[in-house]
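For reference, the structure discussed in these notes is given below.
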Amino acid sequence: MAVKLLALDMDGTTLMNDHYTVSKRNQQAIKWAIAQGIEFVPATGRTITHLPKDILNLKNWRYAITSNGAFVYDRQQDKVIYSDFLDIHLVLQMIRELKKLELFFEVYINGTSFIEKHYLEHAQRYHITEQSQLFLREKCNQIENIFDFLLKENIHVEKIFVPYIPDEIHPQVTQMFLQFPVALTSSVDTNIEVNNQTANKGEALKYLAKQLQIIPDEIMAIGDSNNDYEMLEYAGISVAMKNANEKVKKIAKFQTLSNEQDGVAHIIETLVLHRELE
């Protein structure tokens with residue numbers, strides 16, 4: 001059966017280890033898929049505004065699954081077509097706990113992210129690298145007080161993102177979040193990503209596929225981390241990267257090369273370009 005939708009995780013999958021670059025070979029493979037009429041769908045924990053330029057500059061793709069499935073965006077119509085937000089009261093409670101632990105965090109709202117200004121003013125204290133500081137200054141909205149901002153009307157939170165968690169307190173942070181009715185996942189070991197209980201890439205992909213009248217057997221999904229699990233479970237053609245964790249490798253039907261070895265292009269060339277899947 002022919003592939004009609006290609007859902008690609010970003011970090012650790014489509015992107016190189018710098019978290020910005022899409023290799024030329026991967027770009028060509030994605031362009032080829034788009035030219036064949038395949039729906040290319042970035043599926044990421046990032047917001048739509050945090051997608052790298054190498055992805056945004058690709059032409060003729062329309063939909064993005066972002067914030068781990070809390071947000072599906074239609075670029076052509078410039079609107080959200082699916083959302084699964086966190087309860088604002090839970091958000092406020094969790095942020096109070098993060099403040100007690102003196103941890104840096106971002107709040108994803110309406111396709112972009114917000115941070116308090118003081119985190120960048122004291123970046124070393126919060127273990128924020130110089131490269132990350134540049135990214136945050138360019139991509140994030142800096143505000144004075146997160147509580148004042150969140151108490152405004154019509155604020156809908158997609159995700160709370162807590163990166164740079166020191167190893168020694170990571171279990172404590174996890175236990176803190178587990179007292180709340182939320183979904184926890186991660187894209188790398190040093191972060192925790194907090195979504196509504198029902199928000200994940202799989203549910204968002206399922207919604208989008210139904211809107212496009214595409215069945216699971218016509219979907220290829222590629223990923224490497226825990227936040228890709230439900231997406232790979234739903235897709236008929238599920239692919240784990242060589243650098244994927246064992247949980248992801250176990251659920252996937254296929255395995256490809258690592259993100260540093262153009263694994264995305266390799267599997268597209270092998271399963272889609274060279275022969276049609278049966």
Side-chain angles (χ1 to χ4, degrees), residues 10-12 19-20 44-51 66-71 83-152 154-201 225-227:
M10 293 288 105
D11 296 278
H19 300 286
Y20 297 97
T44 180
R46 300 178 181 220
T47 67
I48 185 68
T49 57
H50 286 190
L51 284 174
T66 62
S67 296
N68 290 331
F71 208 70
S83 60
D84 191 348
F85 298 123
L86 282 160
D87 180 270
I88 192 65
H89 301 293
L90 287 179
V91 170
L92 293 169
Q93 291 178 57
M94 289 185 286
I95 287 176
R96 289 189 188 99
E97 296 300 319
L98 288 170
K99 291 275 192 178
K100 291 177 185 177
L101 293 168
E102 298 186 341
L103 288 172
F104 169 80
F105 62 90
E106 300 175 46
V107 181
Y108 289 10
I109 299 168
N110 196 30
T112 188
S113 66
F114 293 81
I115 61 172
E116 289 184 332
K117 289 181 178 179
H118 73 89
Y119 287 122
L120 290 177
E121 294 168 356
H122 305 282
Q124 189 172 3
R125 180 195 304 173
Y126 296 103
H127 312 282
I128 305 172
T129 65
E130 289 187 12
Q131 183 181 25
S132 295
Q133 288 179 53
L134 293 172
F135 178 83
L136 292 168
R137 291 182 193 281
E138 178 185 357
K139 294 291 186 178
C140 294
N141 296 282
Q142 297 182 49
I143 55 177
E144 293 291 343
N145 186 291
I146 190 68
F147 293 109
D148 291 343
F149 180 75
L150 291 174
L151 289 171
K152 295 178 181 178
N154 299 318
I155 296 293
H156 301 292
V157 177
E158 302 160 30
K159 187 179 89 168
I160 299 174
F161 180 46
V162 191
Y164 323 123
I165 303 172
D167 290 343
E168 61 270 21
I169 67 166
H170 202 289
Q172 180 184 354
V173 180
T174 300
Q175 287 302 311
M176 180 274 288
F177 279 124
L178 287 175
Q179 68 182 301
F180 298 102
V182 295
L184 303 183
T185 188
S186 63
S187 54
V188 297
D189 291 339
T190 55
N191 73 36
I192 294 177
E193 303 174 34
V194 186
N195 287 95
N196 193 33
Q197 280 185 314
T198 52
N200 60 68
K201 294 181 186 181
S225 297
N226 290 338
N227 63 345

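Values reported hereafter were calculated over all heavy atoms of this structure, with side chains retained and with hydrogens, waters and symmetry mates removed. This chain uses plain numbering: 1 for the first residue, then up along the sequence.
Ile88 is listed as a side-chain neighbour of Val157, based on a closest heavy-atom distance under 4.5 Å. Under the 4.5 Å side-chain criterion, counting only non-hydrogen atoms from C-beta, Ile109 is not in contact with Asn141. Residues Ile160 and Leu98 form a side-chain contact, since some pair of their non-hydrogen atoms from C-beta on lies under 4.5 Å apart. Two residues are said to be in side-chain contact when any heavy atoms from C-beta on lie closer than 4.5 Å; Phe147 and Arg96 meet this criterion. At least one side-chain heavy atom of His170 sits less than 4.5 Å from a side-chain heavy atom of Ile192. You'll find the side chain of His122 stays beyond 4.5 Å of the side chain of Ile128, heavy atoms only. Contact of the Phe161 side chain with the Ser67 side chain is not registered, since no non-hydrogen atoms from C-beta on lie closer than 4.5 Å. Taking 4.5 Å as the limit, some side-chain heavy atom of Lys201 sits within range of a side-chain heavy atom of Asn68.
Here the closest heavy-atom approach between residue Phe104 and residue Leu136 is recorded as CZ-CD1, 3.8 Å. Taking every heavy atom of both residues into account, Gly111 and Thr49 meet most closely at O-OG1, 2.9 Å. Residue Glu158 comes nearest to Asn195 through the heavy atom pair O-ND2, 3.0 Å, listed as atom of the first residue, atom of the second, then distance. For the residue pair Leu86 and Val194, the shortest heavy atom distance occurs at CD1-O, 3.6 Å. In plain terms, the two heavy atoms of Glu106 and Cys140 that are nearest each other are OE1-SG, 3.6 Å. Closest approach of Leu103 and Pro166 over heavy atoms only: CD2-CD, 4.1 Å.
With rounding to the nearest 0.5 angstrom, the NZ atom of Lys139 is 14.0 Å from the CD1 atom of Ile115. Taking CD1 of Ile146 as the start and NE2 of His118 as the end, the distance is 9.5 Å to the nearest 0.5 Å.
For Lys159 (side chain) and Val107 (main-chain N/O), no donor-acceptor pair under 3.5 Å exists by modelled atom type. A donor-acceptor pair under 3.5 Å is formed between the side chain of Thr185 and the backbone N or O of Asn227. In terms of modelled atom types and a separation under 3.5 Å, the side chain of Gln179 and the main chain of Met176 share a donor-acceptor contact. Panel note: side chain Asn196, backbone Ala199; no donor-acceptor pair is recorded below 3.5 Å.
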#### Entry: Intermediate values then yes/no, side-chain contact (heavy atoms from CB on, under 4.5 Å), Leu184 and Glu193
CA-CA 6 Å; Leu184 303 183; Glu193 303 174 34; over 6 Å; no

### Query
Does the pair Glu138 and Gln133 meet the rule for a side-chain contact (heavy atoms from CB on, under 4.5 Å), with working shown?
CA-CA 9 Å; Glu138 178 185 357; Gln133 288 179 53; over 6 Å; no

### Query
Going through the checks in order, is the side-chain contact (heavy atoms from CB on, under 4.5 Å) test met by Ile143 and Lys117?
CA-CA 6 Å; Ile143 55 177; Lys117 289 181 178 179; over 6 Å; no

### Task
Take Thr190 and Ile165, measure what side-chain contact (heavy atoms from CB on, under 4.5 Å) needs, and give me the verdict at the end.
CA-CA 5 Å; Thr190 55; Ile165 303 172; 5.6 Å; no

### Task
Applying ring pair (Phe, Tyr, Trp, His ring centres under 6.0 Å), run through His156 and Phe85 and close with a yes or a no.
CA-CA 6 Å; His156 301 292; Phe85 298 123; 5.0 Å; yes

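A ring-ring contact (aromatic ring centres under 6.0 Å, His included) with His50 is found for one member of Phe135, Tyr20, Phe71 and no other, namely Phe135. Residue Ile155 forms a side-chain contact (heavy atoms from CB on, under 4.5 Å) with just one option from Leu150, Val91, Asn110, and that option is Leu150.
Around the CD atom of Glu130, the shell of radius 6.0 Å holds no more than 12 heavy atoms that belong to other residues, nucleotides or ligands. Within a 6.0 Å radius of CD in Gln124, no more than 12 heavy atoms belonging to other residues, nucleotides or ligands are found.
Using a 4.0 Å cut-off between charged side-chain N and carboxylate O, Lys99 and Glu116 make a salt bridge.
Thr129 and Tyr164 share no donor-acceptor pair across their side chains, judged by distance under 3.5 Å alone.
Aromatic ring pairs are classed by plane angle as parallel below 30°, tilted from 30° to 60° and perpendicular above 60°; the pair Phe105 and Tyr119 is perpendicular.
The ring of Phe149 has its center closer than 6.0 angstrom to the ring center of Phe114.
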